[in-house]
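Below is one structure, written out as structure tokens, with a few remarks after it.
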Amino acid sequence: AATLLAGTALAATPGYRPVDADNTLVIDTNKGRVIVEMYPELAPQHVERMKTLTRQGFYNGLKFHRVIEGFMAQTGDPKGTGEGNSELPNVPAEFIIRRDTTLDITPLTTERGVLTGYVKALPVQSQVNDLMAITKDSKVETWGLYCAGTLGMARAGDVNSANSQFFLMRSYTDALERKYTAFGMTLVGLDVVRKLKLGEPPVDPDVMTKVQVLADMPEAERPKVEVMDTHSSEFAALVEASPGISSEPGNAGQRALIVRGVGMAGESTTLVYFGDVPIAGPSGTGSDAARTTSDLSLVDVAQVRIARTAR
């Protein structure tokens with residue numbers, strides 16, 4: 001189980017890594033805190049836009065104007081209607097990137113020429129590396145998967161119309177893949193995302209009270225977060241122990257999840273789920289511990305929900 005050391009410090013844990021503070025957003029809402037790690041390896045312009053607007057204070061006080069059960073929670077519109085944007089120019093689509101072997105993917109499965117794996121904590125799919133030998137640029141296509149917790153950028157009909165609005169997935173939805181830019185993962189607070197009021201728009205919508213880049217926060221105020229390292233031998237062992245791993249996201253009973261953290265009241269939790277049965281129960285009753293595997297989705301194959309947190 002997780003422990004708190006030296007007040008707010010976290011001990012180095014085998015198989016875990018610190019989050020990338022320069023590319024992590026701390027989103028405080030009236031329902032609680034959400035922490036999202038972003039991946040410029042997949043969508044550099046989208047990550048930069050989110051950081052720029054965050055540092056301008058643009059997102060502070062904005063509403064979750066579109067929240068749909070079993071789908072996602074959308075925000076980032078200064079009008080609160082779904083029709084507003086920032087004054088910055090639109091961001092071109094980064095739905096799919098062309099990668100070479102320098103983009104490090106942790107592979108899980110390969111089926112019919114499609115590799116399913118992770119870029120850090122974000123599940124992705126890609127054409128297999130073997131195809132690099134026959135493409136003109138020696139690269140292959142890679143795209144993020146819209147599992148629960150994925151950060152995506154909203155847009156209008158024009159594929160290059162993303163600007164300031166973004167959404168956090170409440171559940172897996174494959175219809176968005178390769179059509180909307182996926183570029184981050186919710187590490188803390190998926191339970192908060194799922195508590196937001198439903199509606200298009202909701203009555204008395206929930207709001208983002210303050211959004212910050214983790215690296216910009218005073219040291220004493222920064223949440224300390226470690227997330228499972230998908231390149232680690234510990235992660236590989238967890239995947240190996242998962243029965244019947246498949247890249248098909250709809251197959252129940254083939255997903256595993258590890259949750260190790262500190263609950264809102266400071267209690268420790270340790271959960272490992274395989275299929276529909278928690279095989280290691282909670283040592284505490286934190287907010288993440290309250291979830292069941294019926295809430296899990298997709299390539300939550302050893303999904304790096306939250307590893308360790310402390311304040």
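This is a predicted model, so every value here is computed, not measured. Note that the numbering runs from 1 along the sequence shown for the chain. Note that these values count all heavy atoms, side chains included, but never hydrogens, waters or copies made by symmetry.
- Pairing each heavy atom of Ala182 with each of Thr150, the nearest pair is CB-CG2, 3.8 Å.
- Both Tyr39 and Val188 are assigned to one and the same hydrophobic cluster, defined by single-linkage of ILVMFWY side chains at heavy-atom distances under 4.5 Å.
- Annotation: the span from Phe183 atom CZ to Leu151 atom CG amounts to 3.5 Å, rounded to 0.5 Å.
- Minimum heavy-atom separation, Ser164 to Gly84: OG-O, 4.4 Å.
- Within a 6.0 Å radius of NZ in Lys31, other residues, nucleotides and ligands contribute more than 12 heavy atoms.
- Side-chain contact between Arg99 and Met132 is present, with heavy atoms from C-beta onward closer than 4.5 Å.
- Between the Thr230 side chain and the Lys120 main chain, a donor and an acceptor come within less than 3.5 Å of each other.
- The shortest distance between side-chain heavy atoms of Glu37 and Met185 does not fall below 4.5 Å.
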Test log, rule side-chain contact (heavy atoms from CB on, under 4.5 Å), inputs Arg66 and Asp77
CA-CA 10 Å; Arg66 184 172 181 241; Asp77 174 12; over 6 Å; no
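- Atom-to-atom distance recorded for Met72:CE and Leu196:CG is 11.5 Å, nearest 0.5 angstrom.
- Within the model, atoms CD1 of Ile96 and NZ of Lys179 stand 11.0 Å from one another, a figure rounded to the nearest 0.5 Å.
- Counting heavy atoms from C-beta outward, Val124 and Trp143 have side chains that stay 4.5 Å or more apart.
- Checking side-chain atoms of Arg170 against main-chain N and O of Val193 turns up a donor-acceptor pair under 3.5 Å.
- Between Pro223 and Met217 there is a side-chain heavy-atom pair separated by less than 4.5 Å.
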Kindly determine whether Val128 and Val140 satisfy side-chain contact (heavy atoms from CB on, under 4.5 Å), including the steps that lead there.
CA-CA 7 Å; Val128 294; Val140 294; over 6 Å; no
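- Counting heavy atoms from C-beta on, the side chains of Leu176 and Met169 come closer than 4.5 Å.
- Tested against Val192 for a side-chain contact (heavy atoms from CB on, under 4.5 Å), the candidates Val34, Asn30, Asp206 yield a single pass: Val34.
- Heavy atoms only, all atoms of each residue included: Met208 and Gly76 are closest at CE-N, 4.2 Å.
- Side-chain contact annotation: Asn160 with Asn90, donor-acceptor N/O pair under 3.5 Å absent.
- Tracing side-chain contacts under 4.5 Å through hydrophobic residues (I, L, V, M, F, W, Y), one never reaches Val207 starting from Phe166; they form parts of separate clusters.
- Other residues, nucleotides and ligands place more than 12 heavy atoms under 6.0 Å from the NZ atom of Lys197.
- Taking the ring centroids of Phe167 and Tyr146, they lie under the 6.0 Å cut-off.
- The backbone N or O of Glu94 sits nowhere less than 3.5 Å from a side-chain atom of Gln45 that would complete a donor-acceptor pair.
- By the neighbour-count criterion of 12 heavy atoms within 6.0 Å, atom CD of Glu87 is sparsely surrounded, having that number or fewer from other residues, nucleotides or ligands.
- Pairing each heavy atom of His65 with each of Gly80, the nearest pair is CB-O, 3.4 Å.
- Judged by distance alone, the side chain of Ser171 and the main-chain N or O of Phe71 form no donor-acceptor pair under 3.5 Å.
- At least one side-chain heavy atom of Leu25 sits under 4.5 Å from a side-chain heavy atom of Val213.
- Residues Asn163 and Leu53 share a closest heavy-atom pair of O-CD1, 4.1 Å.
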side-chain contact (heavy atoms from CB on, under 4.5 Å), that's the test. Do Thr75 and Leu168 meet it? Break it down for me.
CA-CA 9 Å; Thr75 184; Leu168 297 169; over 6 Å; no
Under the side-chain contact (heavy atoms from CB on, under 4.5 Å) rule, what do Tyr118 and Ile105 come out as? Steps first, then yes or no, please.
CA-CA 5 Å; Tyr118 284 90; Ile105 295 179; 5.9 Å; no
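- Separating the CG atom in Asp216 from the CD atom in Glu221 is a distance of 12.0 Å, to the nearest 0.5 Å.
- When all heavy atoms of Met50 and Met38 are compared, the pair lying nearest together is CB-SD, 3.8 Å.
- Although no hydrogens or angles enter the test, the distance criterion places no donor-acceptor pair under 3.5 Å between the side chain of Arg17 and the main chain of Asp229.
- Leu42 and Val91 are members of different hydrophobic clusters when ILVMFWY side chains are connected at heavy-atom separations under 4.5 Å.
- Gln56 CD to Leu88 CG: the interatomic distance, rounded to the nearest 0.5 Å, is 5.5 Å.
- Ring-plane geometry between Tyr180 and Phe95 is classed as tilted, the angle between the planes lying from 30 to 60 degrees on a 0 to 90 degree scale.
- Within the 4.5 Å cutoff, the side chain of Arg49 has heavy atoms near those of the Ser86 side chain.
- A donor-acceptor pair under 3.5 Å is absent between the side-chain atoms of Glu200 and the main chain of Ile68, judged by distance alone.
- A donor-acceptor pair is defined here as one N or O able to donate and one able to accept, closer than 3.5 Å; such a pair exists between the side chain of Ser126 and the backbone of Glu141.
- Using a 4.5 Å cut-off on side-chain heavy atoms (C-beta onward), Val26 and Arg33 make contact.
- Environment of NZ in Lys51: crowded, with over 12 heavy atoms of neighbouring residues, nucleotides or ligands closer than 6.0 Å.
- The closest donor-acceptor contact from the side chain of Ser161 to the backbone of Arg155 lies at 3.5 Å or more, if one exists at all.
- To the nearest 0.5 angstrom, Ile27 atom CD1 is 11.0 Å from Leu62 atom CG.
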